[in-house]
Amino acid sequence: MEYNFRLIEKKWQDWWKENKVYKVSNTSDKPKYYVLDMFPYPSGAGLHVGHPLGYIASDIYSRYKRLKGFNVLHPMGFDSFGLPAEQYAIETGQHPAETTKKNIATFKSQLDKIGFCYDWDREVQTSDPNYYKWTQKIFLELYNSYFCNTQQKARPIADLITKYEKQGSKHFSAEQWNGFSDAEKEEWLMQRRLAFSKFGEVNWCEALGTVLANDEVVNGVSERGGHPVEKKKMRQWYLRITAYAERLLQGLETLDFSDSMKEMQRNWIGRSEGAEVSFKVHSPQSTVDGRLLTVYTTRPDTIFGVDFMVLAPELDYILDIASAEQKQAVEEYIQYVKSRSDRERQAEVKQVTGCFTGAYAINPFNGKQIPIYIAEYVLAGYGTGAIMAVPCGDERDFKFSQHFNISVTNIIGNAFNGTEANPTKDAVLQNSDYLNGLVMRDAMKVASDKIEEMGIGKRKVNYRMRDAGFSRQRYWGEPFPIVWKEGVPTALTENDLPLELPHVEKYGPGPDGEGPLANITEWVNTPEGRRETSTMPGYAGSSWYFLRYMDPNNDKEFVSKEASDYWNSVDLYIGGTEHAVGHLLYSRMWTKVLFDLGNISFDEPFKKLLNQGMIQGSSRFVYRVQPSTAFGEKDVNSTQIFISFDINEKLSSGEINSKWLFEKISTLSKELSDWHNQNNDIPTYTINKLHVDVNIVDGVELDIEAFKKWKNGEYANAEFILEDGKYICGVETEKMSKSKYNTVNPDELCDKYGADTFRMYEMFLGPVEQSKPWDTKGIEGVHRFIRKMWRLFYSDSTFKNNETIAGKPIWTNDTPTAEELKVLHKTIKKIDEDTERFSYNTAVSAFMVCVNELADLKCNKKQILEQVLILLTPYAPHIAEELWNALGNEGSILDAKYPVFNPQLLVESSKEYPVSINGKMRTTLTFALDAAQADIEKEVLANDIVQKWLEGNQPKKIIFVKGKMINVVI
RNA sequence: GCGGGUGUGGUGAAAUUGGUAGACACGCCAGACUUAGGAUCUGGUGCCGCGAGGCAUGGGGGUUCGAGUCCCUCCACCCGCACCA
């Protein structure tokens, strides 16, 4: 009986399905464990071998935990709202719901082929009304909540309204509040709601016809498609994530994320400690004389080094400050800044621009008069939009001072060399009055104290993070449960949900930058007012999906308290690093809000995060010789001559020349040969390196016949100049993508080698977290291992063992020897440890070692093999089930008892010691573990090899570490 | 520029606490069995050297009886962030 993985895998996948082996209950005596994959966007391209890497890793861990006695939740679903389906709809007219449905079906069948243990009964799809009903509900929770600064948590907005009615606020009295119109009240409430709407500058992308989030804009162009992005003012929805900045930052301490991941989030949150300081405007003839300008600084210790002040050009009071003489220049500069897109500003970061306002400010510490400038390098949205410039300590300030000829005050003595700023905190302050002699680091506290004492400012913590834009002018997303009437929003109630997406015929944008929904007047206009026409962004549905898996069919709540209390937060979350700041921060925020509001009782969604690396493509190249136009354009294109890799190398190194090449080519192409004979000349040529489909290359050798059929026979007439009778391709590691013809489809590998082989090979490639190139060739090794293991159970016609009959089971019930038990228990220990620490590549190699050793021992004993099968289950579930069953066991091997390591079986009585001379290993000697050190030393010194190195001398000393090594120092 | 990470054979990689560097595979080289093999099995394979031996974990230095592992320094590559005061 051959190892027939096709039959075996089909058989068990069907059996698992029929018997609901992966169905998970919310009630169990076992401890719970929640393993989650970042759910995929179901793109039309299907899966390539890079996608399942994380899924395999999580599947192994899920099965392992189940074997170890946990009730394991391991669900899967689809993040099915999003731009690509909509763009496809624009191009083809196919409804996104249709393409999404089709794509999901493809994804599921691909995933099922690999044999994952998902409980599909818990599947979620973010574009399903039964799901997005609850996304809309949570939006309403956010809308109807505010962040209470005293309690540092979300509370119902009703509490705030009650407070306003009874006590008012610092902006208005209770009487005033009660006299406000609905519109006026709403205006105040909007400033506190966690989901709120305001006019804001948004990233408008003309080409995509939509607004993009900050993290969807990369270097001034759209992340998708690379289209230019500019600023536009629109009414937008936002999430007040800034309110949670501090808690998001603090929460990181409790999480098991990688350092780089935490660092990225810290960076994004961008906390900085400093102080706000007010400077008086000095402008005697003007009305603004004496007005206070507040700057934000992280370096109050440098306040005596302030030589000028810079304001963001966007601030509304700039023109009030500007002097009569400078007014025109200031206006021109403001115009200039407005005309500049983010893209230009980012491209020209090093260029100094700015404009003097004609006004001065007074340094409150020394009364010095300093000029006030405006410049685009100061951002309106950060701090107060105003800075105090200290050119001796800040590079940008220094450059600015050079450009505008402002003299620089040196407060750090020799630490400043006059040609560049020194941002040190360790210099001793000079020219700084009462701070003189202090190290800057220490002076920061002293200066802050003084600022507060003088009443001219206060300590202040700032965050770089901005509130998250939550509106998209798109069709394929969750509609907002909001109706507008005369500029005042009204929220729908839960009974109105889900507010379903209406059907549209066209997916193009609506008027004035609105989304496609604005075109459907019968949907937009309701008796209660006009519906919000933007939809929610992609991260809406993914910010809480981990909760829905816990209780997917609940039609009363998005998750019941019982279910969320039982499953609690995700124990292990596996996915790529690309969501470091987007998805992970948003879902952390939503979790905290829902925790504050009492919906769930944990405030971090993911305890441990494991980032799988990217699988890169290993591209293959062919080298096409193209004679230049001298030979004639028509013929250039019809010539299909390809040279092998080495020949191209030799050509570029000059080892062979064009003459050699063209003599070769003349034998292949009649036209060329004719031309060659007529002109008696060598045409010039270029070599074009072309991607070739990796699937028609065996290792590096091109399958010439397949190549001729490739691309519908585009190269059917190709001629080749070979090396050693083979066409060898060039190799490069690149991102895996269709256009580079380096994608490998997991389905094909499962068909050819089986899912078990595929799973183990993906893990065998290297550490899960690491990026590595895909090499299909290596899969053979893992496949050999699995077949070798099969042959421990069954003899087959090719297994050269004459004592057994081909195709017959060969396992026995004999009692294992000590040696066999040693192999088993060594493996138990290694697999258990490696699986626990996600070192799956070494675990696979441990299985190989185990099978190699058992084969060498000719061990076909059931008692040993059965245990190995249990260990193997997480990695190769199909073959494990098959053999487990064949051995006479009932039910799924997942319900077997995980083997327990017995250290006593590995206890050795002796050890083969490495014997080093001066730390260099020269020989080995075996001693009993209880041998006396004196005896060992004596015997070591008597050893021939040691004697040789000693050359008759006595050793300086002998290092002996029991059970480890011996080192003779000469 | 700032932050995080990685450098080990021809290739993917092991070496969990400082203790036999290169496990396990791919590839390659021999050989066996075969009509045949892209099947299977056996042996070999870091580099230099006939050999004894020497040299090897990006380079240089240090600590140590002993360093891939710890410290200093330099270099290269990858990934984030980037006028955030």
Side-chain angles (χ1 to χ4, degrees), chain A residues 219 258-264 266-268 270 272 274 295-299 302 310 345-346 348-352 375-379 381-390 393-397 399-400 423 462-466 577-578 580-581 613-614 618 698-701 731 761 764-767 769-782 784-785 787-788 791 796-801 833-834 837 839 841-842 844-849 852 912-924 948 955-961 963-970:
Chain A
N219 296 325
S258 71
D259 288 344
S260 67
M261 194 61 54
K262 287 187 180 182
E263 206 49 41
M264 275 188 237
R266 282 192 200 105
N267 237 305
W268 185 261
S272 67
V295 300
Y296 176 70
T297 179
T298 55
R299 297 297 301 274
T302 62
V310 190
R345 281 173 79 155
Q346 278 171 4
E348 299 158 16
V349 159
K350 297 284 174 273
Q351 197 181 316
V352 179
E376 60 180 333
Y377 84 88
V378 174
L379 307 173
Y382 185 76
T384 59
I387 63 157
M388 56 178 225
V390 183
D394 183 286
E395 197 197 331
R396 295 152 305 171
D397 296 349
K399 281 199 178 129
F400 196 85
N462 260 330
Y463 301 92
R464 189 178 313 177
M465 184 167 63
R466 306 290 149 83
T577 50
E578 66 273 19
V581 289
M614 281 231 296
S618 181
D698 180 20
V700 290
E701 188 188 346
V731 177
Y761 181 55
F764 187 58
L765 279 177
E769 304 94 317
Q770 205 169 299
S771 290
K772 56 243 157 186
W774 177 263
D775 172 22
T776 300
K777 198 88 182 157
I779 200 170
E780 304 274 358
V782 175
R784 272 181 211 128
F785 149 75
R787 277 180 302 176
K788 189 166 182 179
R791 290 197 303 272
D796 66 32
S797 50
T798 56
F799 188 39
K800 251 188 65 187
N801 185 340
E833 286 172 0
D834 285 357
R837 67 189 175 108
S839 180
N841 56 328
T842 53
V844 174
S845 102
F847 281 121
M848 290 172 170
V849 172
N852 288 343
E912 188 189 39
Y913 284 91
V915 179
S916 302
I917 312 290
N918 288 339
K920 194 139 194 111
M921 210 276 286
R922 296 296 174 185
T923 185
T924 57
K948 198 184 91 186
K956 283 201 187 109
K957 78 172 122 158
I958 298 176
I959 311 279
F960 171 73
V961 183
K964 292 260 182 187
M965 44 65 69
I966 298 160
N967 188 15
V968 181
V969 185
I970 298 173

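In what follows, chains carry the letters A, B, and so on, assigned in the order in which the sequence lines appear, proteins first and then strands, with residues in each chain numbered from 1.
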*If the plane angle is over 60° it's perpendicular, under 30° parallel, otherwise tilted; pick one for Tyr761(A) and Trp774(A).*
perpendicular

*Given A85(B), G3(B), G12(B), which nucleotide is nearest the side-chain atoms of Leu765(A)?*
G12(B)

*What distance, rounded to whole Å, do you find between the two P atoms, one in C74(B) and one in A85(B)?*
26 Å

*Give the nucleotide from the list C24(B), C81(B), C83(B) with an atom nearest to the side chain of Asn267(A).*
C81(B)

_Applying a 4.0 Å non-hydrogen cut-off, can you work out what Val378(A) is touching in the nucleic acid: base, sugar-phosphate, or nothing?_
base

*At their closest point, which heavy atom of Arg299(A) faces which heavy atom of Met388(A), and how far apart are they?*
O-CE, 3.7 Å

*Output yes when at least one side-chain N/O atom of Asn841(A) is less than 4.0 Å from OP1 or OP2 of G12(B), else no.*
no

*Calculate the interatomic distance between Lys777(A) atom NZ and C26(B) atom P; express it in whole Å.*
11 Å

*Could you give the distance separating G53(B) and G59(B) at their C1' atoms, to the nearest angstrom?*
26 Å

_Pair partner, C41(B) [Watson-Crick or wobble, under 3.5 Å]_ = G31(B)

_Between P on G46(B) and CE on Met921(A), what's the gap in Å once rounded to a whole number?_
14 Å

_What contact category does Asn852(A) fall into here, base, sugar-phosphate, or nothing, at under 4.0 angstrom with non-hydrogen atoms?_
sugar-phosphate

*Does A21(B) have a Watson-Crick or wobble mate here (both distances under 3.5 Å), and if so which one?*
none

*Looking at the angle O4'-C1'-N9-C4 for a purine or O4'-C1'-N1-C2 for a pyrimidine, is G27(B) syn or anti, with syn meaning within 90° of 0?*
anti

*In whole Å, what is the span from the CZ atom of Arg266(A) to the P atom of A82(B)?*
17 Å

*If every non-hydrogen atom of Tyr296(A) is compared with every non-hydrogen atom of Gly274(A), which pair is closest and at what distance?*
OH-N, 3.4 Å

*Scan nucleotides 60-65 of chain B nucleotide by nucleotide, 5' to 3', and note B when protein non-hydrogen atoms come under 4.0 Å of the base, S if they reach only the sugar-phosphate, - if neither.*
-----B

_Looking at every non-hydrogen atom in both residues, tell me the closest pair between Gly383(A) and Asn462(A) and how far apart they are._
CA-ND2, 3.3 Å

_Strictly below 4.0 Å: does Lys262(A) bring a side-chain N or O up to OP1 or OP2 of G3(B)?_
no

_Same-atom distance (P) from C71(B) to C24(B), integer angstrom_ = 31 Å

*Interatomic distance, Asp698(A) CG vs C28(B) P [rounded to whole Å]*: 9 Å

_Shortest side-chain distance from Lys772(A), nucleotide among C24(B), A13(B), G80(B)_ = A13(B)

*Does Arg784(A) make a side-chain N or O approach to OP1 or OP2 of A25(B) shorter than 4.0 Å?*
no

*Considering only atom C1', compute the distance from C55(B) to A39(B) and round it to an integer number of Å.*
41 Å

*Check whether any side-chain nitrogen or oxygen of Arg922(A) sits under 4.0 Å from OP1 or OP2 of G54(B), and answer yes or no.*
yes

*Whole angstrom is fine here: how far is it from CD in Gln770(A) over to P in U6(B)?*
9 Å

*asked:* So, OP1 or OP2 of A13(B): does either fall under 4.0 Å of a side-chain N or O from Thr842(A)?
replied: no

_Checking base pairs now: Watson-Crick or wobble, both atom distances under 3.5 Å. What partners A13(B)?_
none

*Take atom C1' in U63(B) and the same atom in U69(B), then report the distance between them in whole Å.*
14 Å

*Between G1(B) atom P and Asp394(A) atom CG, what is the distance in whole Å?*
17 Å

_A25(B) and C78(B), which share atom name P, separated by this distance in whole Å_ = 33 Å

*Base, sugar-phosphate, or nothing: which does Lys399(A) touch, judged by heavy atoms less than 4.0 Å apart?*
nothing

*To the nearest Å, give me how far apart CD1 (Ile966(A)) and P (U20(B)) are.*
13 Å

*Is the shortest side-chain N/O distance from Tyr382(A) to OP1 or OP2 of A85(B) below 4.0 Å?*
yes

_If the threshold is 4.0 Å, N to carboxylate O, is there a salt bridge linking Lys399(A) and Glu395(A)?_
yes

*What is the minimum heavy-atom distance between Val968(A) and Pro955(A), and which atoms define it?*
CG1-CB, 3.7 Å

_Nearest atoms (heavy-atom pairs only) where Val310(A) meets Val378(A)_ = CG1-CG2, 3.6 Å

_Under 3.5 Å: donor-acceptor pair, side chain of Tyr913(A), backbone of Gly963(A)_ = yes

*Which nucleotide in the list U20(B), C41(B), A85(B) gets nearest to the side chain of Pro914(A)?*
U20(B)

*Considering Watson-Crick and G-U wobble pairs with both distances under 3.5 Å, what does A82(B) pair with?*
none

*Could you give the CZ-to-P distance, from Arg464(A) to G3(B), as a whole number of Å?*
13 Å

*For C65(B) and C81(B), measure between their P atoms and round to the nearest Å.*
47 Å

*asked:* Pairing check on A36(B): which nucleotide meets the Watson-Crick or G-U wobble criteria with it, both distances under 3.5 Å?
replied: none

*asked:* What's the gap between G12(B) and G61(B) when it is taken at their P atoms, as a whole Å value?
replied: 28 Å

